[in-house]
Amino acid sequence: MVMFIVFLLLIGVGVPIGFGLSLSAISYILYSGNTMLLTMFAQRMFAGISSFPLLAIPFFILTGLLMNTGGVTTRIFKFASNLVGHITGGLGHVNVLASMIFSGMSGSAVADAAGLGAIEIKAMTDAGYDKEFAAAVTAASATVGPIIPPSIPFVLFGGLTGVSVGRLFLGGFIPGLLMGLGLMITVYIISHRRKYPKSPRASFIEVIKSGLDALPALLVPVIIIGGILSGFFTPTEASVVAALYAFLLGVFVYKEIHARDIGSILRETVIHTVRVMFIIGAAAFFGWILTYQGVPKAITQALLSLTENKYLLLLLINLIALVLGCFLESLAILVLVIPVFMPLVYQVGIDPVHFGVTLTLTLMVGLITPPVGMCLYPVSSMAKVPLHRVVKECTGYYIALILVVLLITFVPWLVTFVPNLIMGQA
C-alpha cells in the first residue's frame, strides 16, 4: 500500500512515470527495512530490458521518424484523401484511413499522432473543420497504430511472455480494421450532424497516380509481415529491415531525407528509446517487488473468488487496464500487469494471443484518456486547442473504441482467426 500511495503522490506532482515507479519501489524497501532488496534495483532494471525481441523497439521508432521526415506521410495522406475524401466527413475519414496505413510502418501511436497529425490537423482546419474535431480525430485514429502490425506493444508483450510476436501481429489485423471502422462511423455521424464539408470525388486516374506514388511506402508492412511469416527474418530483424528500407526510400526514392536530417533523426530516436527503455526497466523493478510480496497470487485468488468464467475474468482485467491507462503509459502497464495476470490467463484457459491483443487494445484507449493520455498532448499543441476541449470532443471515439474492446473480448476468433489460418493452431 505504501508503494502505491507514494507512486500516486509522485505522479500527482508531475514526476515522470519512470522515476515515479523507481522511487515508489525504493520507498517501499526503505519503509519495510529490508534494504538488501536495494541490491536488486540495477539487476532487475537491466533484466527488464535485456531481451532480444525488445531490440525491435528502437528500430521501429527509427522507422517512424524516417517515414515522417522522408515524405511518406504526405503521400499516404494524399492517397487516403483520393480514396475516401468524398464521403460525408471527408478529411475526418482521410485522417482515420491514413493512420491505419501509417500504423503498418511505425508501430507507435505517438509517432502517428506527431507525424501525420501535423498534416492532418492543418488540412482539416484549412478546409473548415473545427479545431477540436480535427485534434480529436487525429488523437483517436492514432490509437490504431499499435494494433495493426507492426506494433511496439506486441513486441514487448511477446518478449515478456514468450508468445509468438508473429501471431500477435497477425492477431491485430481484424481488431485494427474494426477500430478504423468504428472511428469512421463516429466521424460520419458527427460530420453529418454538423454538416462538415467533403472533398470532390477523385477520378480513377488520380487514385491510381497517388496510389503508385505511395506504393513504395505501402510495401513496408508487406515486407515486415511477409519476412516474418516466411521465416526469412525474426520480428527483431524485421524492424532493422524496415528502418533500412525507410532510409533508402527517403534518401533515394522520395529524396526528401538529406544529410543534415540524419543527425536530428538519430538524436530523436535515442531520446525516445531511452525514455521507453527506462520506463520498461523501472516498471520491471516495480513489478518484481509486487511479485516478491505475492501480489500476483493474491490478485489471482481474488479474481477467481468472483468468477471462474474466462470471459468475465478477461472483462475484469480489461476494466483494471482501462483504469490504469488513465494514469500510466501503456508500455509501463504491460510490464506491470503481465506477471500479475499471465498465471491467471493460463489457469483459466484464455488464449495468450487473444489476451495480448485485447489487453493492448484496451490500453490504447488510455492514450486519449486524461491525465496521462500520450496522444492528447501533441494534437492539443498542434491544433492550439486547450486539452479539456480535445478530451470533450473525444467522447464519441471513447464509445467506439470500448465497443470494439467488448466485441473482441467476447468473440475471440476475431483475434485468433488470422494467425490460426496462416500459422496453424498454436
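Sequence positions, counted from 1, serve as the residue numbers for this chain.
No more than 12 heavy atoms of other residues, nucleotides or ligands shown are found within 6.0 angstrom of CZ on F417.
Residues Y398 and V391 meet the side-chain proximity criterion, which asks for heavy atoms closer than 4.5 Å. Under the 4.5 Å side-chain criterion, counting only non-hydrogen atoms from C-beta, Y397 is not in contact with T143. For the pair V84 and V96, the minimum side-chain heavy-atom distance is 4.5 Å or more. Side-chain contact between H354 and L314 is present, with heavy atoms from C-beta onward closer than 4.5 Å. The side-chain heavy atoms of S24 and F286, taken from C-beta on, include a pair separated by under 4.5 Å. Here the side chains of L97 and I101 are in contact, with some heavy-atom distance below 4.5 Å.
Put simply, the side chain of S199 never gets that close to the backbone of H86: no donor and acceptor are under 3.5 Å apart. Looking at T273, its side chain never comes within 3.5 Å of a backbone N or O of V270 through a donor-acceptor pair. Put simply, the side chain of T186 gets close to the backbone of G182: a donor and an acceptor are under 3.5 Å apart. Judged by distance alone, with hydrogens and angles left aside, the side-chain atoms of S191 form no donor-acceptor pair with the main-chain N or O of Y188 at under 3.5 Å.
For the ring pair (Phe, Tyr, Trp, His ring centres under 6.0 Å) test, no residue two or more places apart in sequence or in another chain qualifies with Y311. Residues passing the ring pair (Phe, Tyr, Trp, His ring centres under 6.0 Å) test with Y196, sequence neighbours excluded: Y129, F133. Partners of K122 according to the side-chain hydrogen bond (donor to acceptor under 3.5 Å, both in side chains) rule, which considers only residues two or more places apart in sequence or in another chain, are D126.
Checked by atom type, the side-chain pair T69/D261 shows no donor-acceptor distance below 3.5 Å. Side chains of D351 and T416: no donor on one and acceptor on the other come within 3.5 Å.
For the residue pair F233 and I224, the shortest heavy atom distance occurs at CE1-O, 3.8 Å.
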Working for side-chain contact (heavy atoms from CB on, under 4.5 Å), residues M364 and L401: CA-CA 9 Å; M364 292 308 99; L401 292 174; over 6 Å; no
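With respect to the salt-bridge test (charged N to carboxylate O, under 4.0 angstrom), the residues E393 and R194 qualify.
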